[in-house]
Every structure is written in C-alpha cells, then in structure tokens.
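The chains referred to below are lettered A, B, ... by the order of the sequence lines, with proteins before strands, and numbering in each begins at 1.
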2 protein chains.
Amino acid sequence: MASPPEQVARPATIRDVAAAAAVSIGTASKALNGRGRMRDETRDRVLAAAERLGFRPNPLAQGLLAGRTYTVGLVTGDSYGRFSIPVMLGAEDALGAGQISVFLCDTRDDPIRERHYLDRLLARRVEGIIVTGRRTEPRPGIGHDLPVPVVYAMTQSTDESDYSIIPDDRGGGVLATRHLLATGRTRVGHVTGPEGFQAARERAAGLTATLAEAGLEPAGEILFGEWSEEWGRQAADILLHAAPDVDAVFCGSDQIARGVAETLRERGRRVPDDVALAGFDNWEPMALGCRPPLTTVDMNLGEIGRLAARHLLDAIAGKPVPSGVHTVPAALVPRASTRRSI
Amino acid sequence: MASPPEQVARPATIRDVAAAAAVSIGTASKALNGRGRMRDETRDRVLAAAERLGFRPNPLAQGLLAGRTYTVGLVTGDSYGRFSIPVMLGAEDALGAGQISVFLCDTRDDPIRERHYLDRLLARRVEGIIVTGRRTEPRPGIGHDLPVPVVYAMTQSTDESDYSIIPDDRGGGVLATRHLLATGRTRVGHVTGPEGFQAARERAAGLTATLAEAGLEPAGEILFGEWSEEWGRQAADILLHAAPDVDAVFCGSDQIARGVAETLRERGRRVPDDVALAGFDNWEPMALGCRPPLTTVDMNLGEIGRLAARHLLDAIAGKPVPSGVHTVPAALVPRASTRRSI
DNA sequence: ATGAAAGCGCTAACAG
DNA sequence: CTGTTAGCGCTTTCAT
C-alpha cells in the first residue's frame with residue numbers, strides 16, 4: 001500500500017498560508033504582520049490558515065531582509081561557573097525578555113579558543129557580545145575593530161574606552177565592616193585571598209577605610225593568602241596569636257570564613273558571642289553549611305548580568321552609552337554568625 | 001568639507017567581492033567554496049578580494065538556502081547551576097566542534113517559561129534541543145509533536161521513547177562501597193538525601209548490593225534525610241548511636257559527608273583512621289575543603305553533556321538512534337578521607 | 001483592498 | 001572556464 005503523499009514535517013511557509021487562504025503572498029504577509037489595510041474577513045482568513053498550518057515565519061528570511069539576527073554572543077571563560085553562571089543567567093534573562101537569543105560559548109580561559117569563538121559569533125552576525133569572567137582582574141579587551149558592541153561583565157577590559165561592569169568589592173567591604181561595627185565590635189581582623197587579586201585588595205580597602213572612619217585599625221595585619229578553607233584555618237591561628245583580643249573577623253570569601261570558623265571553634269572562641277564572623281560571596285551551600293550560618297556579602301551577580309545586557313541592548317540600538325568601569329552595589333546578608341546573643 | 005562616501009561598517013557581501021575581483025557573483029561563490037573548476041588565477045583573485053574586504057558569508061542567507069540553521073537549543077531549569085553547568089559546557093564543547101552553535105535558555109524550572117522558550121527555539125528553527133535539569137528525577141517530556149529531536153541530559157523524560165542520559169548513581173554507589181571494602185572496612189553506614197530522590201535511592205542500592213555481595217549489611221539503618229551539611233551532622237550522631245562500631249560512612253553527597261566528618265571529629269573518631277569517609281559529587285570546593293580531603297564519586301557531568309550532544313547530532317543527521325534512559329559511568333576520586341594511615 | 005514584483009545574500013543548475 | 005538565472009522565505013513598494 002502506498003502511503004499517501006503526506007507532507008513531511010517541512011515547516012509551512014508564507015506561501016502555503018497564502019495558498020490556503022487564497023490570497024497573494026504579499027497580502028498574507030500584511031495580514032500576518034498587521035501592516036496595511038484590508039478587509040477584516042481577509043485578514044481573519046489568512047490568520048486562520050496560518051494557525052491551521054502552524055505557520056511560523058522563518059527568522060532567517062526575516063533576518064536576511066532586515067539585516068538583523070536578534071542574537072548576541074555570550075563568551076565565558078569561567079568553566080567552573082561559580083561566578084559567571086549567575087551573570088550569564090542574568091544576562092540571558094534581560095535579553096530574553098527583549099526577544100534576543102543568546103549564543104553560549106565557553107572559551108575555557110584559552111585565548112585561542114576565545115579568538116575562534118569570536119570569529120564564529122561574528123560570522124553568525126551576532127549584534128553584540130558579552131564577555132564574562134571569573135575574576136574581576138583587568139584583561140585585554142577583545143578588540144576594537146569589532147563591528148558590534150562589546151560589554152565586559154564580572155571582568156574588566158584594560159581599555160578605558162570599553163564598558164565593563166563588575167561588583168563593588170570595596171562597597172561590599174564597607175557594608176560588612178559597618179555591620180560588624182554596628183554589632184559593637186571594635187577589634188576587627190581581616191583574612192582574605194591573594195593580594196594579587198583586585199577583589200581582595202578592594203574588599204580590604206573597604207574594611208580599612210570604614211575602620212578608619214571610626215578611628216579604628218584592623219586587628220592584626222591584614223592576612224592575604226589563598227581563596228581556600230585551609231588558608232582560613234591557618235590564618236585564624238595567625239590572627240589569634242597576633243591579636244588575641246580580636247572580636248570580629250571579616251573574610252574575603254565564604255570559604256575562607258568557614259576555615260576561620262572552624263579554627264575559632266577549636267580554639268574555644270564562640271561565634272558570634274566571642275567573635276563575629278562575616279564572609280563574602282553569599283555562596284549559599286558554603287554560607288548556610290557554616291556553623292553558625294554565615295553573615296556574608298552578596299555581589300548581586302544576576303544584576304551585573306542584567307545591567308550588562310541592558311547596556312548592550314542600548315548600544316545595539318545605537319543609543320549613546322558610557323564607557324569605563326562601572327560597579328554594582330553589593331548587599332549584606334545577615335545571618336547568625338554576627339548576631340550577638342543577649 | 002564633505003567627508004568621502006566612506007563605506008560604513010556594512011559587512012561585505014559576495015556581490016562586493018565579485019565586483020572587486022571583476023567576476024560574476026556565481027563565479028565568486030564557486031571560488032569561495034572551492035566548488036567547480038576555474039583558472040587558479042581567477043580563484044586567487046576572488047580569494048584575495050574576499051580577504052581584503054573581510055568577507056564573511058552571511059549565515060542567514062546560507063541557512064535560508066540550505067534549509068538549516070546549524071543551531072541547537074539548550075534548555076536548562078537549573079538556575080543554580082551546580083549540576084547542569086558542567087553538562088551544558090560538555091554539550092557546548094561537543095557541538096561547537098561541529099560548527100553548531102548553542103542557544104542558551106534558562107527556564108528557572110518554570111513550565112510556562114519552558115514552553116515559551118521552546119516556542120522561541122522552534123521559531124528560530126533550531127535543529128535539535130537538549131533539556132538539562134538539576135535532578136535526575138523523571139519529568140514529563142516536552143512533547144513529541146516537536147519537529148526536531150530532543151535529548152534529556154541529567155534529567156529524564158517519563159516517556160520511554162525519549163532519549164535520556166543520566167549519571168550512573170547506582171554504579172557510583174558500587175564504586176564507593178567497593179573502595180571502602182578494599183580499605184578493609186566492614187561496618188559501612190550510609191547517610192544520604194531524601195528518599196524521594198531517585199539519585200539517593202540508587203546510590204543506596206549500589207551500596208547495599210555491593211555489601212551483600214561481600215556478605216555484609218549496612219551498619220545501622222540507611223539514613224535518608226536532606227542534601228545538607230546540617231543533616232550530615234545530625235545523621236552522624238544517629239549512626240554512631242545505632243552502630244558504634246561503624247568504621248566507614250558512605251554519604252550521598254559531599255555536603256552531607258562534610259557534616260558527617262565534623263560530627264565524627266567532635267565525637268573523637270578520627271577520619272580515616274577510625275572511620276573512612278566517602279562522599280558523592282566531587283564538588284571540589286566542598287570535597288577539598290573537608291578535613292581531611294574527601295574521597296568521592298565523580299559523575300562525569302561533562303561527559304554526560306558531550307554524549308547528549310553527540311546523540312543529538314546523530315539524530316539530526318537522521319541516523320537511527322536509540323531511545324530510553326542511558327547512564328554514564330561514574331568515577332571514584334580517592335583522597336585522604338579513606339586512606340588508611342599505616 | 002489586493003496582487004505583482006523586486007530584492008535581502010547566497011548557491012546551484014545550466015548556458016555560453 | 002565563466003556568466004546568467006532561478007529561487008530559498010519573507011517584506012515592501014508600487015500598481016491595479
């Protein structure tokens with residue numbers, strides 16, 4: 001038995017719709033796009049046909065004509081994803097709302113791959129590019145000869161004429177320190193990551209500036225080290241030795257804070273009663289798993305992504321846009337580790 | 001002074017190339033694509049012109065003609081990203097190699113948004129869709145009336161005729177348990193997440209089956225609870241009470257294992273000397289931050305993504321592909337928490 | 001109010 | 001060996 005000449009899943013074209021509605025292609029187009037004037041009956045007939053055939057305009061054809069693709073590229077080097085994922089999702093969120101689709105590229109922090117992907121994105125005629133990273137360290141921009149706007153999110157270009165948007169690490173340090181002071185602490189130590197990281201330096205600067213405003217100095221030296229729990233454990237001992245009267249520790253990351261918490265406990269210092277503890281990142285599995293749950297600073301990564309996307313949209317739309325490095329305010333997330341029990 | 005009629009950044013078209021090389025458009029096309037025969041000199045002239053003008057074929061035009069888009073959609077519901085990100089990057093990796101670009105969509109686990117994004121992806125004429133999740137729990141498929149193939153990665157469709165690829169949780173449980181037995185342990189307890197999770201049940205099943213093979217039973221009850229450190233801490237006490245002679249604990253997640261480690265230490269049990277400890281996930285910040293560093297099971301999430309992508313490519317290519325639920329073997333990552341000091 | 005025709009950038013078939 | 005032509009699906013004048 002020969003099967004009927006069933007139309008395979010070839011998507012319906014406007015031509016099919018026009019034929020089904022017994023109108024010309026041009027009329028069908030107008031009906032579908034609400035353009036031009038025509039008899040209601042005609043329009044309805046076309047729309048009904050489109051509906052029935054499950055017609056969807058081919059975006060390639062539309063884009064070809066309009067000279068637009070309604071796509072942007074999202075280039076990330078942070079395979080690990082801890083930081084860039086929230087940024088990416090924020091960006092995707094803001095772009096998706098505007099009917100812009102996002103091409104995802106993972107460069108694995110490899111400049112060769114990055115170059116390759118940029119090529120591909122441009123070949124695809126993306127209308128803009130968002131570059132995200134895992135560190136806020138300045139990095140060389142991806143070039144200015146690009147035919148589309150570029151924004152840097154959670155990373156910054158060394159080029160002042162690029163637009164970069166990063167967390168306000170300094171402000172985050174200020175927030176945490178103010179909070180510690182507000183709970184009545186005055187001997188505040190600081191344990192953080194490598195001094196080579198701008199984020200570490202900025203957070204520390206926020207702390208010292210805020211302490212200075214209150215006429216205070218950090219308890220002990222500021223301890224730069226690594227972004228690890230192990231360093232937190234070690235550093236806590238160093239700090240306790242250098243400043244035995246320490247009554248608060250602000251840490252450059254939640255991981256470090258957990259290490260500090262552990263050592264404090266083992267040395268018989270109660271958190272928060274004897275020593276208040278604040279982290280940075282609001283990395284929930286870390287912060288909530290801490291004993292007690294950790295007060296920390298949230299960098300609003302999603303917001304960074306959203307702002308980057310909006311900026312990109314503006315640039316694509318040809319609006320005048322600022323350049324330079326911009327920051328997004330951080331937010332304090334108070335938890336038990338700084339709550340003074342009465 | 002009138003500025004010269006500078007060509008704005010309008011990308012060069014094949015027409016420009018043809019004109020610059022003084023050939024017809026058709027000839028230019030052939031030269032650029034290595035199709036057809038022609039004088040070397042002509043070909044070179046065209047290629048040189050293309051080079052000089054920075055010509056890139058417009059993928060929209062190519063796709064329009066070929067009826068293909070060389071894009072696939074990646075739909076994730078796991079905004080948190082802990083599990084789906086490695087899967088996504090693995091998929092992106094496998095697809096990128098094949099010149100396929102990936103549209104990223106975050107549904108935030110919201111069926112409405114999912115529906116919306118599917119619509120958008122189909123409107124964009126993606127050639128296939130990968131659905132990823134944060135749990136391996138069966139979920140309703142996204143439908144069979146779709147005009148493109150779909151694969152489920154790190155989540156599974158309830159529909160047997162769909163193709164799903166998930167970690168081998170049971171095999172992971174077997175690996176961990178064998179390892180514990182190999183270090184000479186015989187009283188193995190198990191603390192894991194909610195029984196409602198298939199992953200928890202499978203990992204537990206791997207454990208009990210492996211113990212049974214050795215003529216053993218779990219030490220104490222299998223403790224189902226939550227995926228949290230806090231639960232690990234509580235459960236360890238329960239376990240120590242129920243089976244004081246326990247000499248190993250296999251945990252359903254690294255987070256749980258950390259909680260268990262903490263309680264063990266506080267109760268004076270040394271890890272690994274008195275009690276060996278194994279986790280699950282190989283979530284490095286957790287596993288490495290543990291004291292001592294945690295032996296754990298890696299689910300090979302990247303591989304899951306890669307395989308999903310390859311399967312999708314095969315399906316797109318029209319090759320016959322299997323359906324049903326498939327698993328990717330897990331791998332043991334031995335660290336100090338199970339190393340018997342001599 | 002509707003239809004015909006041109007053209008977006010490209011490739012493929014066919015002439016010359 | 002090269003040029004011409006048709007057409008992918010769609011929108012947009014411009015006739016009718």
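- At distances below 3.5 Å, not a single donor-acceptor pair connects side-chain atoms of B:Glu127 with backbone N or O atoms of B:Val72.
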Going 5' to 3' through nucleotides 6-16 of chain D and flagging B where a protein heavy-atom sits under 4.0 Å of the base, S where only the sugar-phosphate is that close, and - otherwise, we get -BBBBBB----
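- A donor-acceptor pair under 3.5 Å links the side-chain atoms of A:Arg113 to the main chain of A:Asp106, judged by distance alone.
- A:Gln99 and B:Arg120 share a side-chain donor-acceptor pair at under 3.5 Å.
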Evaluation steps, side-chain hydrogen bond (donor to acceptor under 3.5 Å, both in side chains), between B:Thr71 and B:Arg124
CA-CA 9 Å; B:Thr71 60; B:Arg124 282 217 179 259; over 6 Å; no
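- Counting non-hydrogen atoms of neighbouring residues, nucleotides and ligands closer than 6.0 angstrom, the CZ atom of B:Arg115 reaches no more than 12 such neighbours.
- Comparing D:dG3, D:dC1, C:dG3 against the side chain of B:Arg39 picks out D:dC1 as the nearest.
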